[in-house]
Every structure is written in structure tokens, then in C-alpha cells.
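In what follows, a single structure is set out as C-alpha cells and then discussed.
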Amino acid sequence: MSSLTLQAPAKVNLTLDILGSRPDGYHEMDMVMQSVSLSDEVTLDLGFPGGIRAESGLRFLPNDKNNLAVAAALAFRKATGQTWQDLRIRLNKRIPVCAGTAGGSSDAAAVLRGLNHLTNAGLSDRELSVIGQTVGSDVPYCVLGGTALARGRGEILTPLPSLPPCYIVLCKPAFSISTPVLFRAWDRNKHRLHPDTRGMVDALGTSDLMGIGRRMFNVFEAVLTPHQRREIESIKLSLIQSGALGSAMSGSGPTVLGLFDRDTLAEDAVHTLEATYSEVFLTRPV
Ligand code: C5P
């Protein structure tokens with residue numbers, strides 16, 4: 001048996017825009033993504049008897065091919081033509097589940113990177129991304145990580161200049177949002193406010209943290225239900241009142257992020273939110 005442990009960082013959206021719907025049922029995206037220090041730990045035990053399965057200790061997470069980590073292992077084996085039968089994937093989950101922070105996609109990307117290493121397959125990140133695409137739209141970005149513009153379904157990636165040193169507070173309210181339902185709500189909706197993605201990219205290019213904060217924007221916020229929207233708005237207000245330079249929902253939510261230039265302000269924000277919410281995290285960009 002050979003084993004390997006990898007970190008699988010969460011991602012947040014600095015911007016999320018939808019350019020239109022596509023004939024294949026997906027949507028054309030335009031998003032600025034950032035990976036953060038909050039990470040799952042993924043341990044692969046290749047050759048551990050029992051087939052290909054995931055273990056997380058969380059009863060609500062599937063351990064079969066419905067878990068993106070197992071789906072990634074199956075996709076990797078198929079793409080490489082390898083014939084191994086047994087893989088145990090141990091997931092030490094720290095990223096909130098179904099939260100708009102790509103926890104499952106990041107675990108899947110870690111499985112691809114880990115198997116590439118353990119089996120000496122020698123695939124490039126680009127080749128791993130192509131396999132990742134078949135697993136989920138956010139997996140290619142998670143293979144790459146860092147700061148990036150994601151277009152197409154999410155698989156057309158352009159690396160961007162890193163965020164200047166800063167702190168990112170994450171807060172996940174206790175409800176969850178179905179991604180397909182949110183896309184359908186966007187299809188029905190006639191709001192067409194868009195983020196200033198170009199301005200965000202320029203602000204990253206000049207390390208203008210204020211400009212980055214001011215341009216944080218997620219089009220999904222406009223199509224939340226009134227109840228969801230109230231809660232998201234109240235978290236954003238709390239972050240801004242604590243001194244955040246900007247705040248927005250990440251991905252299809254419900255996690256909200258706030259961007260801070262000072263650790264003391266970010267810590268205050270965490271303490272304030274912890275009075276109401278149990279899933280609050282102080283992170284840094286990675
Ligand atoms: O690719 P993934 O399985 O993560 O997507 C989940 C769902 O989100 C899809 O079934 C689709 O309804 C929606 N989606 C979309 N356009 C994208 C990505 C996801 O419509 N670019």
C-alpha cells in the first residue's frame with residue numbers, strides 16, 4: 001500500500017458573473033476565484049483493500065461515486081487506463097459542506113493530484129484539469145488554485161496576480177442552497193446587474209486592495225429568496241461594520257466572505273459573527 005496526504009484549500013469568489021445560458025444546459029461564467037487557507041486534509045491509501053471509497057466520519061456525505069473525491073478517482077483511473085482496484089480516500093473535512101466554497105471540488109482536485117503522484121502517471125496540471133472537468137465545473141480551477149479568472153463552464157482558466165496580503169473572513173449561515181435551483185432562478189430573473197470584472201482584474205494587477213474590496217459582487221445574490229437574502233445581507237452588513245473593505249456571497253452560497261486589510265479588524269468580525277453563527281473562519285489567501 002502507498003499513502004499520501006494532501007491539503008485541499010477552499011475557494012472563494014471575489015466576483016461571480018453569468019454571461020448567459022448554453023445549449024448544453026450549463027451557463028457561461030465569468031468569475032474571479034481565490035483559494036484560501038481553510039483546507040480539508042485528504043489522505044489517499046492506494047492498495048488498501050475494499051474497493052474505491054471515501055471515509056469522512058460525516059454520515060450525510062456519500063462514500064461512493066456520488067462523492068466527488070471518489071468520482072475523481074474513477075475518472076483518473078479511466079483516463080489513464082490504470083487497473084488498480086483499491087483506494088481508500090480519508091477526508092478530514094474542515095471546509096463547510098454545500099457552502100459555495102468548493103470543498104467537494106477541492107477534495108476531487110487533491111485526489112487527481114495525489115493519484116498522479118502515487119501512480120507516477122506524469123500528467124500535467126492541464127491534463128488533470130481536463131479529467132477534473134468531467135467530475136465538476138469547479139474542479140479544473142481547484143487543480144490550478146491561487147488567483148484566477150474562470151470562464152466557460154469554469155474550466156477556461158487565466159492565472160491572475162495574487163491578492164496583496166490580507167485576511168478573508170468566511171461565515172456560513174445554517175441553511176443550504178441548491179446550485180441548479182439558483183441557476184434556474186437566475187434564468188427566470190430579469191435583473192441584469194453585473195460585476196466590474198475588468199476593474200477587479202485591473203485592481204489585482206495594481207495590488208489595490210480597496211479597489212478589490214469595492215468590486216466584490218455575485219449576481220446570484222439578486223435571485224435569492226427573501227429569507228435567504230435577508231440573512232446574507234445581515235452577514236455582509238456585520239462584516240462591513242467590522243471594517244471589511246468589501247463583502248459578497250461566494251459561489252452559489254450561502255457562505256459570505258469579507259475582505260480585511262488588518263488582522264485585528266478581521267478578528268473582531270469573527271468574534272461578532274460567532275455570537276450568531278457556528279461556522280465562522282478567519283483565513284488568508286493562498
Ligand atoms: O458541474 P457541476 O456538477 O458542479 O454543476 C452543478 C450544476 O450547476 C449543474 O448541473 C448545472 O445545473 C449548474 N451549472 C451551470 N453552469 C455552470 C456550472 C454549473 O448551469 N457553468
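Remember, it's 1-based here, ligands and their atoms both numbered in the order they're listed.
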How would you list all residue pairs meeting salt bridge (Lys or Arg N to Asp or Glu O under 4.0 Å) that involve residues 272-286, not counting sequence neighbours?
Lys172-Glu279

Salt bridge (Lys or Arg N to Asp or Glu O under 4.0 Å) pairs, two or more places apart, involving residues 106-125:
Lys93-Asp107

Ring centres under 6.0 angstrom apart (Phe183, Phe220):
yes

For Phe260, what residues pass the ring-ring contact (aromatic ring centres under 6.0 Å, His included) criterion, not counting sequence neighbours?
none

Which parts of the protein, at residue level, reach under 4.0 Å of ligand 1 through a heavy atom?
Gly25, Tyr26, His27, Met29, Gly136, Ser137, Arg153, Thr179, Pro180, Phe183

Testing Thr179, Asn218, Asn13 one by one against Ser252 for a side chain to side chain donor-acceptor pair (under 3.5 Å), which residue passes?
Thr179

Heavy-atom pair with the smallest gap, counting every atom of Cys98 and Ser176
O-CB, 4.2 Å

